[in-house]
Amino acid sequence: MSADLRRTAAQLSRDLAEGTTTSVELTQASLDRIAQVDGSVHAFLALNADQALDSARASDERRGRGETTGPLDGVPIAVKDVLATEGLATTCGSRILEGWVPPYDATVVTRVRGAGMPILGKTNMDEFAMGSSTEHSAYGTTHNPWDLDRIPGGSGGGSAAAVASFEAPLALGTDTGGSIRQPGAVTGTVGVKPTYGGVSRYGLVALANSLDQVGPVTRTVEDAALLHTVIAGHDPRDSTSLDQPVPDFLAAARQGATGDLSGVRIGVITELAGEGWQAGVMARFQESVDLLTKAGADVVEVSCPHFVHALATYYLILPAEASSNLARFDAMRYGLRVLPEGVDAPSAEQVMRATREVGFGDEVKRRIILGTYALSSGYYDAYYGQAQKLRTLISNDFAQAFEVADVLVSPTAPTTAFPIGDKVDDPLAMYLNDLATIPANLAGVPGISVPSGLADEDGLPAGFQVLAPALADDRCYRVGAALESLLVEQWGGPLLDRAPALEGGSL
Amino acid sequence: MTATRDELVGFDDVLERYDPALGLEVHVELNTHTKMFCGCPAAFGAEPNTHVCPTCLGLPGSMPVVNRKAVESAIRIGLALNCSIAEWCRFARKNYFYPDMPKNFQTSQYDEPIAFEGFMDVDVDGETFRVGIERAHMEEDTGKATHVGGTTGRIHGADYSLVDYNRAGIPLIEIVTKPITGAGAKAPDVARAYVSQLRELIVALGVSEARMDQGNLRADVNLSLAPKGSDRLGTRTETKNVNSFRSVERAVRYEMGRQAGVLDGGGTVRQETRHWHEDSGVTTSGREKSDAEDYRYFPEPDLVPVAPSREWVDELRGTLPENPTERRTRLQAEWGFTDLEMRDTVGAGALGLVAETVALGAAPQAARKWWLGELARRANDSGVEIAELGVTPADVARVQALVDDGTLNDKLARQVFDGLFAGEGTPDEVVAARGLAIVSDEGALAAAVDNAIAANPDVADKIRDGKVAAAGALIGAVMKEMKGQADAGRVRELVLEKLA
């Protein structure tokens with residue numbers, strides 16, 4: 001008996017149920033795989049081997065007694081390093097939190113542990129989730145398993161790469177402007193950004209509180225539905241958490257997987273295509289739309305005129321909230337403390353300044369300054385206030401579009417994975433990568449990115465995004481699963497099977 | 001910064017040339033069981049940093065949840081101050097750095113306070129003065145920093161600082177008046193009466209212990225002077241954390257004199273915060289504060305808006321204490337106080353205290369006697385209001401109950417108060433620790449009486465002859481032997497029995 005890491009979480013769940021593998025085997029196999037390939041992928045910042053194996057043993061014992069906590073009991077998972085994990089270092093990819101071990105678990109982590117899932121470790125990310133490439137991590141870049149010279153997307157590049165490289169069957173990510181979906185697109189994985197408030201944010205180190213959402217990073221739509229079910233639901237510790245019934249994501253995914261979309265109205269967002277969009281990405285998108293049409297969906301074009309302002313709106317609201325959130329990192333209570341050189345008895349301010357100078361990276365400093373400026377008196381109305389108005393207009397665009405369509409679709413990202421270093425000195429070019437994903441965060445609606453194939457020009461994965469109205473996440477699963485089943489049938493197997501083998505790995 | 005005395009202008013001279021304008025900001029720490037945004041106990045006096053959690057420590061990832069009871073208290077305070085209650089309001093982040101503020105922003109309310117546009121009628125020497133209330137808003141308290149070393153007790157010059165976050169996150173209501181103008185010579189009295197009456201109201205509402213000595217109620221005094229007859233306001237100073245009614249009055253008086261001195265000398269008053277020095281009765285310069293201080297307020301994205309239903313507000317309106325004037329009339333009738341007794345009680349700021357003491361079971365005259373006698377005297381000796389003594393109605397009611405049940409006599413009761421002021425614990429603890437209870441051991445009493453009779457044969461004879469009035473001498477002797485811890489009535493009975 002051994003664990004086959006190429007199997008999906010749903011398949012592993014069945015293997016565990018049938019006794020053809022154990023959680024300990026699965027967890028050990030994942031840890032072995034990490035040991036083999038993570039040297040070149042660098043998806044993980046910290047491993048949690050002992051605790052994960054303990055948890056796996058507990059799961060196996062439970063199962064031995066004929067008990068399980070649910071379908072994912074015993075299936076290991078990787079967790080983005082922006083989520084607080086009790087007893088396990090949490091850095092947010094920043095030096096300023098180097099060595100910080102939270103005394104508490106994020107609610108999603110509590111739920112994942114409660115579901116019996118061993119936590120393999122913490123995954124790499126852009127510092128404080130600021131970036132679209134995972135190049136802004138203070139602990140080094142993560143590499144795209146499809147091409148190690150390319151970025152894995154960001155900010156959740158570590159979670160996406162861990163799943164794409166078969167180091168972990170499942171991962172948790174967070175999506176503030178696309179940080180689950182865009183890495184999903186460029187690594188050929190599935191990424192879900194749930195409805196705002198659908199998953200607790202308690203314990204998620206906030207980037208921009210009004211935009212952040214925790215979600216699944218997986219290899220199939222069904223797996224995402226399984227994981228989403230574990231983490232969803234009301235949390236009294238997060239007052240923005242919705243006290244609403246959780247839709248049956250799994251049933252929706254299974255319904256979609258039959259390939260029948262008759263009666264489903266699909267709106268293609270006209271603003272999310274055209275100039276600047278890679279031809280190969282657009283070609284895969286168009287084929288996907290055609291497949292959905294063949295599956296019985298009614299496809300219409302819809303216009304969301306204010307989406308052109310989404311990027312600007314986002315880059316006012318996000319830094320404003322972030323600048324306030326990051327104020328607590330003052331070297332006084334936890335994390336890094338740097339004493340200024342050549343000062344005998346430094347003041348609190350001097351220590352704070354020296355620590356932040358070293359502890360925060362360029363992108364973080366850039367956004368703190370932007371946000372501080374946008375909120376400052378005299379500029380508030382011109383920037384933050386205007387951005388909030390635009391945010392409302394963007395929400396209105398969605399509301400109108402959802403009157404004529406059940407879901408909206410677009411490519412997830414305008415390009416495939418770009419080479420490492422290509423945009424790191426050009427923040428504006430980097431920001432453009434999120435232009436299709438950002439509107440959903442501004443409006444709080446759910447979205448999923450599903451692999452749509454490989455772009456002709458570079459042979460790298462492209463993503464297909466499905467957006468639904470708030471609380472209708474199940475629609476994303478239905479349409480996403482339909483597309484996935486039609487494409488996998490066409491490809492003759494999962495897309496990830498076409499990824500090059502990683503050196504040192506033997507799968 | 002040392003507390004040097006500025007050149008002061010005499011009070012009457014100030015009023016000849018200037019009109020004072022007052023503004024008061026009072027912070028009230030609510031007595032909710034838990035903190036404003038988390039479930040930690042909001043109790044006072046625990047070991048440092050024992051009532052803390054990720055949320056009130058502002059740890060990364062932690063999130064606030066609004067305490068409904070605190071919102072309820074805020075609404076009741078707003079209603080009692082005749083304010084409008086917002087149908088919809090939000091919390092905002094007030095971004096600034098301070099070592100005892102765990103998130104480096106304070107969750108407060110900005111342009112959307114829960115209560116606004118009210119008033120309170122303040123009695124000053126029988127005259128009613130209407131103080132406009134601009135707003136009452138909710139916020140969280142900060143931690144408490146202790147700066148060790150240095151000479152001033154402030155952060156600058158300190159060797160190190162200790163921070164206790166038990167207080168961080170305790171719900172505060174900040175009540176801000178509109179500028180109070182036209183009080184003239186009565187400005188110091190209006191300020192004192194406002195804070196005193198506000199405290200009485202807060203206590204009556206039961207929303208706070210409102211003890212100024214423990215910082216439950218903290219007043220900031222804004223004061224400015226304008227040339228007499230001008231309709232513009234002058235530059236104001238904000239004297240922070242004035243912690244007694246008397247100091248409120250003194251701070252107003254001092255700032256009037258100080259600012260007049262600056263203006264008379266052709267200078268301009270600096271807009272700044274000032275520190276109040278209780279011992280020397282002066283204010284000193286703190287940090288410069290401009291109107292444009294940039295707190296970069298924006299709505300707190302982690303909290304949903306507060307939208308109290310009108311039904312709830314009406315329900316809370318039904319829980320308000322009665323109108324003060326009606327209440328006085330009613331209490332006087334209930335207690336059977338004479339007009340003079342009632343006026344003294346109100347004048348001493350003891351009405352609420354007496355009422356609470358009576359509510360806890362003490363007879364009205366007994367309650368009045370303690371508050372206006374023993375406690376007023378002690379307050380006067382230490383220069384504070386009786387409400388600020390630290391003795392609660394519950395303490396007084398308990399002492400009186402011990403008198404009523406014969407455990408204490410008045411003399412012993414006064415010793416209990418000594419113990420209370422010395423911080424020896426509750427009345428029962430003081431009685432136990434000091435061994436103050438009246439001796440009820442009949443054997444010991446009888447022996448003491450026998451001793452007294454034997455030692456004073458002349459007196460005994462007189463009593464035997466029917467001169468009962470002479471018993472006092474023997475009772476005195478017995479009491480002396482019993483160190484005052486005997487029931488004088490019982491001793492008298494025993495003396496007369498034995499000499500019958």
Side-chain angles (χ1 to χ4, degrees), chain A residues 82-85 90 92 94 96-97 100 102-107 128 197 200-206 208-212 235-241 317 320-321 323-330 332-335 345 347-349 352 371-380 384-385 388, chain B residues 37-39 49 52-55 57-68 91-107 110-111 143 145 147 149 155-161 163 165 168 290-306:
Chain A
V82 74
L83 294 162
T85 42
T90 298
C92 299
S94 181
I96 210 151
L97 269 179
W100 182 59
Y104 73 110
D105 272 336
T107 295
F128 287 108
S200 171
R201 285 187 295 115
Y202 186 82
L204 157 61
V205 182
N209 321 53
S210 72
L211 301 161
D212 296 338
D235 176 11
R237 289 190 296 184
D238 170 359
S239 26
T240 63
S241 154
I317 290 171
E321 294 183 9
S323 68
S324 169
N325 291 328
L326 295 171
R328 74 191 65 199
F329 300 103
D330 58 6
M332 294 298 133
R333 291 163 299 247
Y334 44 80
S347 67
E349 284 83 359
M352 210 188 295
T372 305
Y373 184 75
L375 284 177
S376 54
S377 62
Y379 298 100
Y380 182 95
Y384 187 81
Q388 290 294 16
Chain B
F37 299 115
C38 67
N49 297 309
V52 294
C53 72
T55 294
L57 286 175
L59 290 185
S62 60
M63 292 180 72
V65 176
V66 174
N67 182 339
R68 184 181 158 94
F91 282 94
R93 290 188 182 182
K94 183 180 185 181
N95 290 286
Y96 67 104
F97 292 101
Y98 207 70
D100 59 11
M101 198 165 57
K103 296 169 293 190
N104 278 328
F105 61 79
Q106 184 184 30
T107 309
Y110 178 47
D111 50 353
H147 306 296
I155 191 167
H156 295 289
D159 294 328
Y160 60 92
S161 301
V163 188
Y165 290 107
S290 70
D291 273 332
E293 182 132 16
D294 199 347
Y295 290 119
R296 304 191 311 284
Y297 283 101
F298 73 101
E300 167 56 78
D302 279 340
L303 289 171
V304 289
V306 177

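These figures come from a predicted structure and were not determined experimentally. Scope of the values below: all heavy atoms of this structure, side chains included, with no hydrogens, waters or symmetry mates.
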Trainee: Between the side chains of R296(B) and Y373(A), does any donor sit under 3.5 Å from an acceptor?
Mentor: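 On atom types as modelled, these side chains do not qualify, holding no pair under 3.5 Å.
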Trainee: Within this structure, what is the OG-CG distance for the pair S377(A) and D294(B), rounded to the nearest 0.5 Å?
Mentor: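 Between atom OG of S377(A) and atom CG of D294(B) there are 3.5 Å.
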Trainee: At a heavy-atom distance under 4.5 Å, which candidate from P102(A), G378(A), A327(A) has the highest pair count against chain B?
Mentor: A327(A)
Trainee: Under 4.5 Å heavy-atom distance to chain B, tell me which part of T90(A) shows up: side chain, backbone, both or neither.
Mentor: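 Nothing of T90(A), per the 4.5 Å heavy-atom cut-off to chain B.
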Trainee: How many angstroms lie between CD in E321(A) and CD in E300(B), if you round to the nearest 0.5 Å?
Mentor: 8.5 Å
Trainee: Where does F329(A) contact chain B at under 4.5 Å (heavy atoms): side chain, backbone, both or neither?
Mentor: side chain
Trainee: Does any backbone or side-chain atom of F37(B) lie under 4.5 Å from a heavy atom of chain A? Answer side chain, backbone, both or neither.
Mentor: neither
Trainee: Mind ranking G203(A), P103(A), A106(A) by heavy-atom pairs under 4.5 Å with chain B and telling me who comes out on top?
Mentor: G203(A)
Trainee: Among S161(B), P102(B), P99(B), S62(B), who wins on heavy-atom pairs under 4.5 Å with chain A?
Mentor: P102(B)
Trainee: If I compare all heavy atoms of T240(A) with all of V304(B), which pair ends up nearest, and what's the gap?
Mentor: CA-CG1, 4.2 Å
Trainee: Let me know if D302(B) has heavy atoms under 4.5 Å from chain A in its side chain, its backbone, both or neither.
Mentor: both
Trainee: So do the side chains of T55(B) and Y202(A) get within less than 4.5 Å of each other, counting heavy atoms only?
Mentor: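 Touching, per the 4.5 Å side-chain cut-off.
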Trainee: Would you check if N325(A) and R93(B) make a side-chain contact, meaning some heavy-atom pair closer than 4.5 Å?
Mentor: yes
Trainee: Quick check on the interface: out of A206(A), S376(A), A84(A), S210(A), who has the most heavy-atom pairs with chain B under 4.5 Å?
Mentor: S376(A)
Trainee: Show your working on side chain to side chain contact (heavy atoms under 4.5 Å, CB included) between F105(B) and R328(A) and close with a plain yes or no.
Mentor: CA-CA 8 Å; F105(B) 61 79; R328(A) 74 191 65 199; 3.7 Å; yes
Trainee: Could you tell me which portion of Y165(B) (side chain, backbone, both or neither) has an atom closer than 4.5 angstrom to a non-hydrogen atom of chain A?
Mentor: side chain
Trainee: Counting only heavy atoms closer than 4.5 Å, note whether P236(A) contacts chain B via side chain, backbone, both or neither.
Mentor: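 The backbone, not the side chain.
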Trainee: Within the structure provided, determine whether W100(A) and P60(B) are in side-chain contact (heavy-atom separation under 4.5 Å).
Mentor: yes
Trainee: Give the minimum heavy-atom separation between S239(A) and P64(B), together with the two atoms involved.
Mentor: OG-O, 3.3 Å
Trainee: Below 4.5 Å from any heavy atom of chain B, which atoms of A374(A) appear? Answer side chain, backbone, both or neither.
Mentor: neither
Trainee: Give, for atom CZ of F97(B) and atom CE of M352(A), the distance between the pair rounded to the nearest 0.5 Å.
Mentor: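 That separation rounds to 6.0 Å.
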Trainee: Are R237(A) and M63(B) packed together at the side-chain level, in the sense that at least one heavy-atom pair is separated by less than 4.5 angstrom?
Mentor: no
Trainee: Has the side chain of Y380(A) got a donor or acceptor atom that lies under 3.5 Å from a matching backbone atom of F298(B)?
Mentor: no
Trainee: Roughly how far, to the nearest 0.5 Å, is CG of L375(A) from CG of N95(B)?
Mentor: 7.0 Å
